[in-house]
Structure formats: structure tokens, C-alpha cells
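Let me begin by presenting the structure, written as C-alpha cells, before commenting on it.
Letters A, B, ... are given to chains in the order of the sequence lines, protein chains preceding strands, and every chain is numbered from 1.
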Amino acid sequence: MLKTRIIPCLDVKDGRTVKGVNFVDLRDAGDPVALAKAYSEQGADEICFLDISASEEGRGTMLDVVNKTARNCFTPLTVGGGVRSPDNVIALLRAGADKVGINSAAVADPDLIARCAARVGRQCVVVAIDARRTGDGKWEVFTHGGKRGTGIDAVEYAELVCAKGAGEILLTSMDKDGTKSGYDIELTRLVASRVTIPVIASGGAGTIPHLIEGIQETGATAVLAASIFHFGEIAIEDAKREMQAAGIPMRIEEN
Amino acid sequence: MQTVALIDYGAGNIPSAQRALEVAVERSGLSCGLIVTDSPEKIAAADRVVIPGVGHFKDCREAMFGVSGLVEALEDSIHKKGRPVLGICVGMQLMADLGLEDGETPGFGWIPGKVEHIPTDPGLPIPHMGWNELVVRTAHPVLEGIQTGNHAYFVHSFHMHCANPSDLQVEVDYGGHITAAIGRDNVFGTQFHPELSQETGLRLLTNWIKWNP
């Protein structure tokens with residue numbers, strides 16, 4: 001049986017993890033390579049890096065971080081942030097990413113998804129959608145880190161990216177992100193019901209029950225979270241055991 | 001000293017596979033060098049060969065045939081020299097007679113079978129993406145220490161249907177039976193990614209490095 005995935009997400013800027021990170025016994029908590037390794041050892045099912053570097057130098061450093069991570073943990077790694085072309089995708093895969101996230105550039109040109117999928121296969125192409133609620137049962141796609149509205153309906157856009165060849169959707173609720181009040185269940189359920197590809201719920205996780213409802217009430221096949229794992233509020237092993245106890249199939253390896 | 005060649009024909013996540021094979025070589029305790037190459041001469045000279053692969057059946061096949069002499073070197077290695085070959089994901093699928101992803105594309109025909117779309121329930125998302133529980137069907141040296149219930153990481157929409165049930169080594173359940181590993185004579189292949197499957201994956205790669213079919 002396929003297991004539900006827990007995906008810790010790290011924001012990486014100029015080669016360092018940003019947002020405070022507070023791991024016990026981790027000497028250099030700002031080092032994304034060390035963090036990815038620690039999460040991998042704790043049972044993370046995939047790792048996600050979001051590159052928020054503002055400069056070209058920062059982006060170059062990111063390739064190095066990806067390479068070092070790939071050499072240190074044998075867990076699937078998705079890398080997103082600033083990806084604009086199939087060449088960017090290939091550069092990340094060649095550096096050691098296993099999947100690549102595309103956000104703003106896919107909104108500007110949805111055919112980019114098809115071009116990337118044609119080069120590297122759709123399973124490598126994760127389309128990240130940042131959505132904000134605009135009214136009853138309506139969500140709008142935002143780009144550029146949630147700063148720019150697009151007027152595009154998020155559910156229709158999800159169907160479009162699926163048709164263009166995305167292998168997976170990383171769906172973030174802008175309203176919920178950072179609130180620790182739980183995922184946007186209604187949005188996630190709606191998107192998961194309209195596409196045939198896996199959907200990752202993101203934005204708002206603050207407790208283990210949030211992770212559980214993020215799966216059980218939506219049809220998403222993975223939950224992504226950042227701060228609850230970084231600050232050590234929730235250990236991935238504990239989350240997995242509680243999710244399993246709630247009836248969600250989880251990968252718990254007794255090595 | 002043995003040489004293991006990891007074929008780099010331009011596709012995919014070579015660094016992950018390379019690093020996992022390096023660890024497998026270390027763990028095997030054997031004197032063994034790893035090269036990443038698309039040179040037919042080097043592949044012909046290698047003691048074992050790994051064919052990685054992500055993406056599209058047809059594209060991967062064309063990329064391999066695009067390197068002059070590569071497929072001939074591989075077939076020579078397998079059929080004449082009897083050397084162990086490991087295919088990963090699409091690298092495994094190419095071992096079939098036929099791929100049915102976007103039309104019909106002939107495979108290498110090393111293990112009889114067809115690569116078909118996953119026969120899933122309509123409600124299950126495709127690609128089949130994530131960790132699934134292995135169901136080990138046979139006692140194969142490459143699977144030593146790997147048990148039913150161990151997890152491996154999958155990401156694919158097509159899988160191989162083996163014509164000979166005895167070639168099926170491991171399967172998983174995803175709305176039906178999915179082929180997870182195949183083996184015949186000196187050829188072995190995994191639909192899952194051992195390089196992304198932590199201990200289970202490293203164990204399989206280490207077994208394969210030590211395997212002398």
C-alpha cells in the first residue's frame with residue numbers, strides 16, 4: 001500500500017536556511033545540508049528546498065547545497081524557487097534534485113510545464129500553486145512569493161497544470177500559511193477532486209491533528225510543513241505514529 | 001579491481017544514483033571503482049553496468065541509441081560476457097520487449113514483457129508517487145535481507161508486465177499489482193529508486209555489487 005508522505009520544507013537563502021531553526025543536538029542549524037540529513041534520519045518521506053535567494057550568486061550556491069544534500073541523504077529531494085526554463089530544471093536535476101518545483105514562471109507561461117515535462121518526464125515537475133481566498137468557494141493564484149495577484153482561478157489553474165503535464169501539485173494556502181490554524185481543507189479537497197495527479201497540502205500546519213485532517217478530509221497524498229518541524233515543536237516520528245494511529249498508512253521503518 | 005559503470009546518457013538524477021552506488025561499493029568491502037560514462041568502450045570494459053532512467057520510455061530509448069555503439073556494448077556485455085546489469089525505473093522498463101507510453105516503442109527485449117499504464121482504480125492519483133511496501137516474491141541474491149513490508153520510493157505512471165511470472169521478483173499494491181523488481185539470469189531491474197530508498201535501497205545496491213550470477 002502506498003504511504004502518505006510527510007515533507008519538511010526549508011527556505012534557503014544564499015546557501016543558508018532562513019526562518020529560525022531550533023534542533024536539539026544540531027551544531028549548525030542554519031546549514032540546509034545538515035538539516036535535510038537530520039530530517040531524513042527522522043523519517044521524512046521527502047525533503048523540499050525552496051530557494052529564496054535574491055541574487056545570481058545565491059542561486060549558484062543553491063546548486064552546491066543541492067549537490068551536498070544529494071550526496072548525504074538518500075531521500076527524494078524537491079527543489080523550487082526561481083525556476084524559469086527547462087535548462088534551470090535540468091541544472092537542478094544534474095546537481096542532485098530529484099524533482100523540481102515551478103511556480104511564477106508556470107503562471108506566466110503554462111506551456112513551460114509541458115516543455116519541462118517533455119525534457120525530464122512529468123514525474124520530475126512539481127507545480128507549486130499559491131492560492132488566496134477571494135470569496136465564497138473561490139481562490140486566486142498569487143505569484144512572486146504571494147505578493148502578486150493574477151486574477152486566475154486557482155482550481156481552474158490546477159486543472160490546467162495537470163493537463164499541461166505537471167506530475168504533482170504543491171498547493172499552498174496563502175491565507176493559512178504561518179497561522180498554525182490548519183490547512184485550508186476546502187481548497188485542498190476541491191483541487192484534489194479536480195486533478196488526477198498527487199496533491200501536497202501546504203500552509204497552516206500547527207499540530208499533528210492538522211496533519212491528520214490535511215490528509216483525511218482532503219484527498220491530498222502528502223502534507224508539507226516548515227516551522228513546526230524546524231522549531232522542534234513536532235518530531236516527524238511522533239507525527240507519523242499519531243497519523244498511523246488515526247488510520248493513515250505511514251512509512252514507519254523498524255530498522 | 002572491478003569497475004562499475006553508471007551510464008550517463010543525459011537523463012535524470014545521476015548524482016543521487018552515483019552517491020548511493022559509492023556507498024554500496026564501500027559497504028560491499030570489494031575493491032571496486034565507479035565510473036559515470038556514456039562511452040561504449042568503457043561500458044564494454046566494465047564488470048557491471050547500471051542503467052538509470054527517469055522520464056519517458058521513448059525519450060530514454062532514443063537517448064541511449066543516440067550514443068553510437070552504446071546499446072551494442074551493453075548487449076555484448078549481457079549476452080556474450082554474462083556481466084550483471086541493473087536497470088532503475090525507466091532503465092528497467094527498457095529491458096522489456098515493448099513500451100506502450102504514447103504509442104508503441106520497442107524495448108531492448110532482454111526480459112519478455114510489455115510496459116503498460118498502471119492499472120489503477122480511477123480514484124488513485126497517477127503518477128504512483130511515494131513510498132510503497134514491497135511484496136517479495138522470490139529468494140534472489142540481490143534481494144537478500146530485503147523483506148516483504150520494507151518500503152521503497154516509487155515515481156512512475158507505467159510499469160512492466162512480465163510475460164514469464166518467474167521473472168517477477170518484487171511487486172507492490174497500488175489499486176492492483178504493480179511490478180517493483182524483475183530479474184532474469186544476469187539482468188536485474190527495479191521500478192523503484194534504490195538511490196532514494198534509504199536503507200532498503202542501499203542494501204539492494206550492495207547485494208547487487210556483490211552478486212556474481
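- Residues of residues 189-198 of chain A that come closer than 4.5 Å to chain B, counting heavy atoms only, are A:T196, A:I197, A:P198, ordered by residue number.
- Heavy atoms of B:V155 lying under 4.5 Å from chain A belong to its backbone as well as its side chain.
- Contact residues of residues 128-138 of chain B toward chain A are B:H128, B:M129, B:G130, B:W131, B:N132, B:E133 (heavy-atom distance under 4.5 Å).
- Pairing each heavy atom of B:S16 with each of A:G96, the nearest pair is OG-O, 3.6 Å.
- Both the backbone and the side chain of B:Q198 come within contact range of chain A, with heavy atoms under 4.5 Å apart.
- Heavy atoms from other residues, nucleotides or ligands lying under 6.0 Å from CD of B:E144 number 12 at most.
- Residue A:S40 touches chain B through both its backbone and its side chain, counting heavy-atom pairs closer than 4.5 Å.
- Residues of residues 70-82 of chain A placed with any heavy atom under 4.5 Å of a heavy atom in chain B are listed by number as A:A70, A:R71, A:F74, A:T75, A:P76.
- In this structure, B:H140 places its NE2 atom where more than 12 heavy-atom neighbours from other residues, nucleotides or ligands lie under 6.0 Å away.
- The environment of A:M1 atom CE is sparse: at most 12 non-hydrogen atoms of other residues, nucleotides or ligands sit within 6.0 angstrom.
- Two residues are said to be in side-chain contact when any heavy atoms from C-beta on lie closer than 4.5 Å; B:P15 and A:N67 meet this criterion.
- The most heavy-atom pairs under 4.5 Å with chain A, out of B:R19, B:H56, B:Q18, B:H151, come from B:H151.
- Atom NZ of A:K3 has more than 12 heavy atoms from other residues, nucleotides or ligands within 6.0 Å.
- Using a 4.5 Å cut-off between heavy atoms, A:R251 touches chain B through backbone and side chain atoms alike.
- For A:A118, the part lying near chain B is the backbone, with the side chain staying farther off; criterion is any non-hydrogen pair under 4.5 Å.
- Contacts between residues 22-41 of chain B and chain A, defined by a heavy-atom separation under 4.5 Å, are made by B:E22, B:V23.
- Counting heavy atoms from C-beta on, the side chains of A:R122 and B:I126 never come closer than 4.5 Å.
- The part of B:L202 that comes within reach of chain A is its side chain, from C-beta onward, which places non-hydrogen atoms under 4.5 angstrom from that chain.
- Of the two parts of A:A222, neither the backbone nor the side chain holds a non-hydrogen atom closer than 4.5 Å to a non-hydrogen atom of chain B.
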